[in-house]
Amino acid sequence: MGQKTHPFGFRVGITEAHKSRWYAPKALYGELLVEDYKIRRFLDQRLNRQPPHAGLSDIHIERTREELKVIVKTARPGLVIGPKGAEVERITEELQYMTGRKVAISILEIKNPDLDAQLVSEGVAEQIRKRASFRRVIKMKAEAAMQAGAKGVKIQISGRLGGAEMSRSVDVRLGSLPLSTLQANIDYGFGEAFTTYGAIGCKVWIYKGLYDAKVEDEAASNAAGGRARARGRR
């Protein structure tokens, strides 16, 4: 058995920036950490698990003394903003009520959803929930990722596949996937499908090539931990 680690946890602080960027005194740290978790859970429930199903992929949180800034990466920014900005205003008010702080929401569009591991895993889970053929679904999603420009992809689903009595795992792999290389840009996503015969987990790894120091990340910022320090080093 190999020793496995989360692709993001392996790279964070080296070639990946932190997703929560703030400093706090020791007495306040735990409270803010729990608040970050609640914000992420709230936005996931609000935008992904119920209409408008906005295809939320990632959430970055920055804090200053006066303001809480939430950066949302989504495939459908129009649904997050709503008509005349009504939806994003409503979410901002709810977050302000929940945290008691001034909140600003910034929205980043994901231009190619087929290259985003979290969106691919949610898509596979959604199709399994609708009782589509799991082999066909994972094969189609893997091929779509390769056609979109990925250099490698792996999709693994586990559970009582097709309602079988014994749970098992099935995966599909295309291209290369250098999980142990820090300079390799590996995107990882996880989704779950809750069916009548149990939960089915879906893990997705997408290799997008090596990091390039000259290419600036859209979500990079000057906040603490907002920039990866070793991208592009050989």
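Salt bridge status for E87 with R90: present, with a side-chain N to carboxylate O gap under 4.0 Å. Salt-bridge annotation for R101 and E66: absent, with no side-chain N of the basic residue lying under 4.0 Å from a carboxylate O of the acidic one.
Side chains of R160 and R168 form no contact here, defined as non-hydrogen atoms less than 4.5 Å apart. Two residues are said to be in side-chain contact when any heavy atoms from C-beta on lie closer than 4.5 Å; V70 and L43 meet this criterion. Residues R131 and T196 have side chains in contact (heavy-atom distance under 4.5 Å, counting atoms from C-beta outward). Looking only at side-chain heavy atoms (C-beta outward), L210 and N185 stay at 4.5 Å or farther from each other. At a threshold of 4.5 Å between non-hydrogen side-chain atoms, the residues L56 and K73 do not count as touching. Within the 4.5 Å cutoff, the side chain of I105 has no heavy atoms near those of the V80 side chain. Annotation: side chain of L108 is not in contact with side chain of V72 (no heavy-atom distance under 4.5 Å).
Seen from the ring of Y207, K154 does not count as a face-on cation partner, given the 6.0 Å and 45° thresholds.
Side chain of H18 to backbone of S20: no donor-acceptor contact under 3.5 angstrom is found. Under a 3.5 Å cut-off, the side chain of R76 and the backbone N or O of H53 do form a donor-acceptor pair. The closest donor-acceptor contact from the side chain of R11 to the backbone of T181 lies under 3.5 Å. A donor-acceptor pair is defined here as one N or O able to donate and one able to accept, closer than 3.5 Å; no such pair exists between the side chain of D187 and the backbone of I206. Judged by distance alone, the side chain of T74 and the main-chain N or O of E109 form no donor-acceptor pair under 3.5 Å. Formation of a donor-acceptor pair under 3.5 Å by the R21 side chain with backbone atoms of E62 is not found in this model. Listed for the R173 side chain is no donor-acceptor partner under 3.5 Å among the backbone atoms of G152. In this structure a side-chain-to-backbone donor-acceptor pair under 3.5 Å is missing from S121 to V204.
Evaluated for a side chain to side chain donor-acceptor pair (under 3.5 Å) with E143, the options K139, Q147, K141 yield exactly one hit, K139. Exactly one residue among I71, D36, D58 makes a side-chain contact (heavy atoms from CB on, under 4.5 Å) with K19. That residue is D58.
There is a path of hydrophobic side-chain contacts, each under 4.5 Å, that joins V120 to I128. Note on V124 and M140: separate hydrophobic clusters, where clusters join Ile, Leu, Val, Met, Phe, Trp and Tyr whose side-chain heavy atoms are under 4.5 Å apart, directly or indirectly. Under the 4.5 Å side-chain heavy-atom criterion for Ile, Leu, Val, Met, Phe, Trp and Tyr, L47 and F190 are members of distinct hydrophobic clusters. Using a 4.5 Å cut-off between side-chain heavy atoms of Ile, Leu, Val, Met, Phe, Trp and Tyr, with links allowed through other members, W22 and I59 fall into different hydrophobic clusters. Following chains of ILVMFWY side-chain contacts shorter than 4.5 Å, one can reach I200 starting from V172, so the two form part of one hydrophobic cluster.
Inspection of the E16 and Y211 side chains reveals an N or O donor paired with an N or O acceptor under 3.5 Å. No donor-acceptor contact under 3.5 angstrom links the side chains of R63 and T99, judged on distance only.
The number of heavy-atom neighbours closer than 6.0 Å to CZ of F8, taken from other residues, nucleotides and ligands shown, is above 12.
When all heavy atoms of A132 and V137 are compared, the pair lying nearest together is CB-CG2, 3.8 Å. Here the closest heavy-atom approach between residue I107 and residue P77 is recorded as CG2-CB, 3.8 Å. Nearest approach of L115 to A145, heavy atoms of both residues: CD2-O, 3.9 Å. Summarising the geometry of G189 relative to A117, their closest heavy-atom pair is N-CB, 3.4 Å, with the distance given to 0.1 Å. Nearest heavy-atom pair, G191 versus A125, reported as atom, atom and distance to 0.1 Å: C-CB, 4.4 Å. What you find for A17 and V12 is that their closest heavy atoms are O-CG2, 4.1 Å.
One distance of note links OG of S106 with NZ of K69; it measures 5.0 Å at 0.5 Å rounding. Atom OH in Y29 sits 12.0 Å away from atom NZ in K26 (nearest 0.5 Å). Atoms CG and CZ, from L95 and R46 in turn, are 9.0 Å apart once rounded to the nearest 0.5 Å. Between atom NZ of residue K208 and atom CG of residue N112 there is a gap of 9.0 Å, rounded to the nearest 0.5 Å. Taking CD1 of I157 as the start and OG of S169 as the end, the distance is 8.5 Å to the nearest 0.5 Å.
Taking the six-membered ring where the residue is Trp, Y188 and W205 present tilted rings, their angle falling between 30° and 60°.
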| said: Is there a side-chain contact (heavy atoms from CB on, under 4.5 Å) between D114 and L119? Walk through the geometry before answering. | reply: CA-CA 7 Å; D114 286 334; L119 294 181; over 6 Å; no
| field | Test log, rule side-chain contact (heavy atoms from CB on, under 4.5 Å), inputs I155 and K203 | value | CA-CA 6 Å; I155 302 177; K203 295 177 179 176; over 6 Å; no
| said: Checking V170 against L161 for the side-chain contact (heavy atoms from CB on, under 4.5 Å) test, could you report, in this order, the C-alpha distance in whole Å, the side-chain angles of both residues, the deciding distance, and whether it holds? | reply: CA-CA 9 Å; V170 171; L161 302 173; 3.5 Å; yes
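For the side-chain hydrogen bond (donor to acceptor under 3.5 Å, both in side chains) test, residues two or more places apart in sequence or in another chain that qualify with R49 are D44, E122.
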